[in-house]
Amino acid sequence: MELTELERQRAEKLERLRALGIEPYPHRVKRTHTIAEAIAALEQAAPGGEDGPHAAIVGRIKSMRVMGKVTFAHIEDGSGSIQLFLRVQDMGEESYEIFKQNFDLGDFVAAEGKLMRTRTGERSLLVERVSMLAKSISPLPVIKEKEVDGKLVRYTHFSDVEERYRQRYADLACNPEVREVFRIRARTLAALRRFLDQHGFMEVETPILQPVYGGAAARPFITHHNQLHQDLYLRIAFELYLKRLLVGMYERVYEIGRDFRNEGVSHKHNPEFTQLEFYAAYWDYNEVMNFCEHMLAWVAEEVTGSPIIRYQGHEIDLRPPWRRVTLRDIIMEVTGIDYLQYPSAAELASVMKSKGLAAKTGASWGYLIDKGLLGEVEPRLIQPTFVLDYPRDISPLAKSKPGDPSHVERFEYFIGGMEMGNAFTELNDPFDQEQRFLEMGKLYAPDDEEVHPMDEDYLRAMKYGMPPNGGLGLGVDRLVMLLADKSNIREVILFPHLRAKD
RNA sequence: GGGCCGUUAGCUCAGUACGGCAGAGCAGGGGCCUUUUAAGCCCAGGGCCGCAGGUUCGAGUCCUGCACGGCCCA
């Protein structure tokens with residue numbers, strides 16, 4: 001192990017402790033109170049002097065002020081932080097010196113003594129014994145902060161974005177507000193599960209390694225099973241497996257898990273991300289819409305205390321009903337283009353260019369609408385909005401709109417300028433479904449990311465009879481971004497993907 | 001993929017306009033200090049200036065390429 005000078009100094013302290021017969025990484029810990037419990041115990045005790053309740057607490061040393069024969073330090077555990085008050089008169093000369101010479105910021109320690117208040121009134125532990133629980137060799141970035149008018153002012157910090165992501169452990173250790181983001185994430189996941197469970201949905205787990213990928217338009221990661229001599233794909237969606245379960249007579253199922261898409265990385269995209277999908281037999285997309293807006297308003301309230309949230313300076317009201325607008329109308333509203341007037345890719349691309357909009361050459365008609373025109377619309381949809389009725393060509397798993405064969409019953413929904421998810425009245429006619437797969441094959445080149453490959457087993461399932469149903473996908477990371485008020489997906493993923501250095 | 005910006009001590013940053021001994025604060029080391037909380041005071045340390053080339057008597061600084069990251073655009 002290569003050590004920096006600072007690390008060598010700490011390693012020497014570790015050896016000094018060992019030489020004194022003190023194990024710097026002991027097996028067992030004595031703890032009578034968490035720090036929060038210790039503070040509560042002190043609050044309950046009769047005030048006065050240095051004779052408060054006895055407590056054995058543990059934590060990581062966050063600050064230290066050595067003043068000769070007296071030292072103040074703050075330690076932090078998972079519940080909070082408290083000041084340690086160490087005096088040579090209480091600890092004895094030898095123990096006090098061992099502490100002073102060998103204990104550093106970042107060390108995990110155990111401290112035992114009496115809870116009390118210092119002259120300035122700060123809740124403290126008057127330490128009788130202190131011991132090492134785990135020596136920290138690498139110095140954590142030091143955080144110096146102070147409360148000014150009730151606001152926390154930070155003088156030094158750990159803020160290098162790249163290093164924060166590459167060494168998330170250090171980020172979390174130094175930055176309590178980052179720890180809070182992932183508590184919001186955990187509460188969001190728990191709230192989603194609670195809501196779905198309460199509404200009769202069953203959580204299931206379907207394959208991540210799939211012989212045929214499907215359910216979305218995306219490039220997959222490919223892997224290989226050695227024993228089976230078979231290429232497998234990491235799933236890009238759960239859709240086709242969840243709908244097989246409706247054939248199997250479950251009426252409401254959902255899955256929360258990881259999808260993998262072999263695509264670019266951006267502030268809204270990570271190659272692996274957390275998806276929620278649910279399917280409900282006998283629902284159409286109107287019922288899905290209704291459920292969706294109630295679910296997200298409820299989850300927001302559970303997580304943040306209110307269905308009205310603040311996101312990047314916007315106040316966003318998640319209470320139902322959300323705005324409903326057709327794809328055609330919202331595109332006309334924003335770009336002035338009625339895509340139905342331009343039924344070929346060439347015509348549509350030409351009018352888009354005439355309006356100064358980028359149109360990728362060689363892109364299909366559906367791609368131009370979805371990525372081109374809708375891309376213009378997306379950042380403007382700050383308040384929750386359902387965008388309804390998508391072209392059939394780009395929606396091979398959705399049921400057609402009655403009386404309008406060119407469109408399907410599909411919606412995407414947007415909040416805070418981000419696409420949050422996608423939903424349909426699911427196609428359950430096996431002949432129609434087969435036809436859609438075949439059309440896909442004709443309209444697109446085989447390696448086109450828009451292609452949904454034919455899934456024979458899915459068709460076989462559907463031939464047994466699939467109840468009419470509605471389903472929805474939700475980008476969970478993006479929901480957490482909303483609820484934690486973060487503009488970058490990496491801020492809500494513990495270990496986001498970064499390019500390897502060298 | 002393109003444009004712009006960044007990369008200097010463990011951390012946060014100066015230094016780059018106009019090339020001339022590598023800087024500060026915090027952290028760490030030695031000393032003083034028995035109620036501090038950004039503790040204070042004194043002393044002495046700490047560098048592959050992202051990497052590789054080039055220009056130059058001389059490059060952290062100028063030029064080229066590369067790596068990683070950020071922001072914006074596609």
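Convention: sequence-line order gives letters A, B, ...; per-chain numbering from 1. Just so it is clear, the model here is predicted, and its values are computed rather than measured. What's counted below: heavy atoms across the whole structure, side chains too, no hydrogens, waters or symmetry copies.
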TODO: Considering only atom P, compute the distance from B:rC63 to B:rG19 and round it to an integer number of Å.
DONE: 11 Å

TODO: Can you tell me the pairing partner of B:rC13 across any strand shown, Watson-Crick or G-U wobble, with both distances under 3.5 angstrom?
DONE: B:rG23

- [ ] Choose from B:rG46, B:rA38, B:rU34 the nucleotide whose nearest atom is closest to any side-chain atom of A:Glu5.
- [x] B:rG46

TODO: Just label B:rA17 as syn or anti from its O4'-C1'-N9-C4 or O4'-C1'-N1-C2 angle, using within 90° of 0 for syn.
DONE: syn

- [ ] Indicate whether any N or O donor in one side chain lies under 3.5 Å from an N or O acceptor in the other, for A:Ser124 and A:Gln83.
- [x] yes

- [ ] Run the numbers on A:Ser136 and A:Arg10 for side-chain hydrogen bond (donor to acceptor under 3.5 Å, both in side chains), then give the verdict.
- [x] CA-CA 8 Å; A:Ser136 161; A:Arg10 288 185 173 208; 3.1 Å; yes

TODO: Using the closest heavy atom to pick a nucleotide of RNA chain B for each, name whichever of A:Glu122 or A:Glu162 lands nearer the 5' end.
DONE: A:Glu122

- [ ] Kindly indicate whether the side chain of A:Arg65 and the base of B:rU36 share any N or O donor-acceptor pair separated by less than 3.5 Å?
- [x] yes

Open item on the list: When the P atoms of B:rC41 and B:rC4 are compared, how many Å lie between them, rounded to an integer?
Closed with: 46 Å

Open item on the list: By the 4.0 Å heavy-atom rule, please label A:Val153 as base, sugar-phosphate, or nothing.
Closed with: nothing

Task: No-H, no-angle donor-acceptor pair, A:Ser124 side chain to B:rU35 base, under 3.5 Å - done: no

Task: Closest contact, heavy atoms only, A:Ala237 versus A:Gly214 - done: CB-O, 3.5 Å

Open item on the list: Taking the C1' atom in each of B:rC51 and B:rC57, what is the distance between them to the nearest angstrom?
Closed with: 26 Å

Task: Ring geometry between A:Phe72 and A:Phe85 (parallel below 30°, tilted from 30 to 60°, perpendicular above 60°) - done: parallel

Task: Shortest side-chain distance from A:His157, nucleotide among B:rU12, B:rC33, B:rU36 - done: B:rU12

Open item on the list: Measuring only the C1' atom in each nucleotide, how far is B:rG20 from B:rG30? A whole number of Å is fine.
Closed with: 35 Å

- [ ] Provide the Watson-Crick or G-U wobble partner of B:rU35, both distances under 3.5 Å; none if there is no partner.
- [x] none

- [ ] Classify the side chain of A:Thr118 versus the base of B:rU36 as yes if they form a donor-acceptor pair under 3.5 Å and no if they do not.
- [x] yes

Task: Who pairs with B:rA67 - Watson-Crick or G-U, where each distance is under 3.5 Å - done: B:rU7

TODO: Please state the C1' separation for the pair B:rC43 and B:rC33 - nearest whole angstrom.
DONE: 16 Å

Task: Residue whose nearest RNA chain B nucleotide is more 5′ - A:Leu105 or A:Lys144 - done: A:Leu105

TODO: Pick the C1' atom in B:rU7 and in B:rG60, then give their distance to the nearest Å.
DONE: 12 Å

Open item on the list: Under 4.0 Å, counting only non-hydrogen atoms across every strand here, what does A:Gln83 touch: a base, just sugar-phosphate, or nothing?
Closed with: base

Open item on the list: Any heavy-atom pair between the side chains of A:Ile489 and A:Met418 that's under 4.5 Å?
Closed with: no

Task: Pair of N/O donor and acceptor under 3.5 Å linking B:rU34 base with A:Thr71 side chain - done: no

Open item on the list: Between B:rU37 and B:rG31, how far apart are the two P atoms, rounded to whole Å?
Closed with: 23 Å

Open item on the list: Please pick, from B:rU34, B:rG70, B:rG10, the nucleotide with the shortest atom-to-atom distance to any side-chain atom of A:Val161.
Closed with: B:rG70

- [ ] For B:rA9 versus B:rG1, give the span between their C1' atoms, rounded off to a whole number of Å.
- [x] 37 Å

- [ ] Side chain of A:Tyr165 only, please: which of B:rG10, B:rC11, B:rG70 is the nearest?
- [x] B:rG70

- [ ] Could you tell me which nucleotide pairs with B:rG29 by Watson-Crick or G-U wobble geometry, both distances under 3.5 Å, or answer none if nothing does?
- [x] B:rC43

Task: Touch class at under 4.0 angstrom, heavy-atom based, for A:Arg87 against every strand present - done: base

TODO: Verify side-chain hydrogen bond (donor to acceptor under 3.5 Å, both in side chains) between A:Thr71 and A:Tyr96, making sure each step is shown before the conclusion.
DONE: CA-CA 9 Å; A:Thr71 293; A:Tyr96 184 79; 2.7 Å; yes

